[in-house]
Amino acid sequence: SSSSSSSSSSSSSSSSSSSSSSSSSPAPAPFPCGGLFELVSGANFFAETLMMLGWAVCCWSLPGLLVCFWTAARCAPSAWTLHQRLREKFRDTYPPERAAFLPGLA
């Protein structure tokens with residue numbers, strides 16, 4: 001028990017020292033940016049669905065298509081929830097053109 005408390009105190013002291021040294025650089029955005037995150041809020045969900053679509057095309061079978069559909073049906077609501085939460089939390093700074101799950105769709 002004492003080892004866990006000492007490790008947590010050392011990690012908090014190292015994180016505070018590293019944050020003070022980077023005070024001269026601009027603060028990063030409080031939400032994900034860059035790459036697919038410039039197009040969609042749930043880039044990880046979109047990429048997982050795209051990966052399963054590629055797998056379904058390679059399999060060229062009904063089970064492959066069903067796995068892709070299941071992945072999209074599971075990821076889309078999570079992406080939409082994340083998108084709504086980020087838009088609400090960062091009203092003033094969140095990019096309004098960013099889609100929730102599929103690029104180009106609101």
Side-chain angles (χ1 to χ4, degrees):
S1 162
S2 64
S3 65
S4 65
S5 64
S6 64
S7 66
S8 65
S9 64
S10 65
S11 66
S12 64
S13 64
S14 66
S15 65
S16 64
S17 64
S18 65
S19 64
S20 63
S21 65
S22 64
S23 62
S24 61
S25 63
F31 47 83
C33 295
L36 278 176
F37 285 106
E38 295 298 320
L39 301 174
V40 292
S41 296
N44 50 332
F45 299 119
F46 174 68
E48 184 174 348
T49 303
L50 192 62
M51 179 180 66
M52 288 296 111
L53 178 63
W55 181 78
V57 169
C58 287
C59 289
W60 201 253
S61 66
L62 181 60
L65 184 62
L66 291 175
V67 167
C68 179
F69 177 75
W70 176 257
T71 302
R74 185 179 50 83
C75 289
S78 298
W80 180 256
T81 302
L82 172 68
H83 183 67
Q84 295 296 81
R85 189 172 55 224
L86 289 172
R87 287 180 74 182
E88 185 177 309
K89 186 173 182 177
F90 304 108
R91 277 180 215 264
D92 299 334
T93 57
Y94 200 71
E97 67 278 355
R98 193 176 290 183
F101 181 62
L102 294 174
L105 298 176

How about CD on Glu88, more than 12 heavy atoms from neighbouring residues, nucleotides or ligands closer than 6.0 Å, or not?
no
Shortest non-hydrogen contact from [X] toward [Y]:
| X | Y | value |
| --- | --- | --- |
| Ser78 | Arg74 | OG-O, 3.6 Å |
| Leu102 | Val40 | C-CG1, 3.7 Å |
| Gly42 | Ala79 | CA-CB, 4.4 Å |
| Cys68 | Ala56 | CB-CB, 4.0 Å |
| Arg98 | Cys33 | NH2-SG, 4.2 Å |
| Gly104 | Ala99 | N-CB, 4.3 Å |

Distance, nearest 0.5 Å, that separates [atom1] of [X] from [atom2] of [Y]:
| X | Y | atom1 | atom2 | result |
| --- | --- | --- | --- | --- |
| Thr93 | Leu86 | OG1 | CG | 10.0 Å |
| Phe45 | Leu50 | CZ | CG | 15.0 Å |
| Tyr94 | Arg85 | OH | CZ | 10.5 Å |

Treat each ILVMFWY residue as a node, draw an edge where side-chain heavy atoms are under 4.5 Å apart, and state whether [X] and [Y] are in one component.
| X | Y | value |
| --- | --- | --- |
| Leu82 | Leu36 | yes |
| Phe69 | Met52 | no |
| Val67 | Phe101 | no |

Could you give all pairs that pass the salt bridge (charged side-chain N to carboxylate O under 4.0 Å, His left out) test and reach residues 52-66, with sequence neighbours left out?
none
Show every salt bridge (charged side-chain N to carboxylate O under 4.0 Å, His left out) that has at least one partner inside residues 26-37, sequence neighbours left out.
none
Phe46: which of Ser41, Pro103, Cys75 passes side chain to side chain contact (heavy atoms under 4.5 Å, CB included):
Pro103
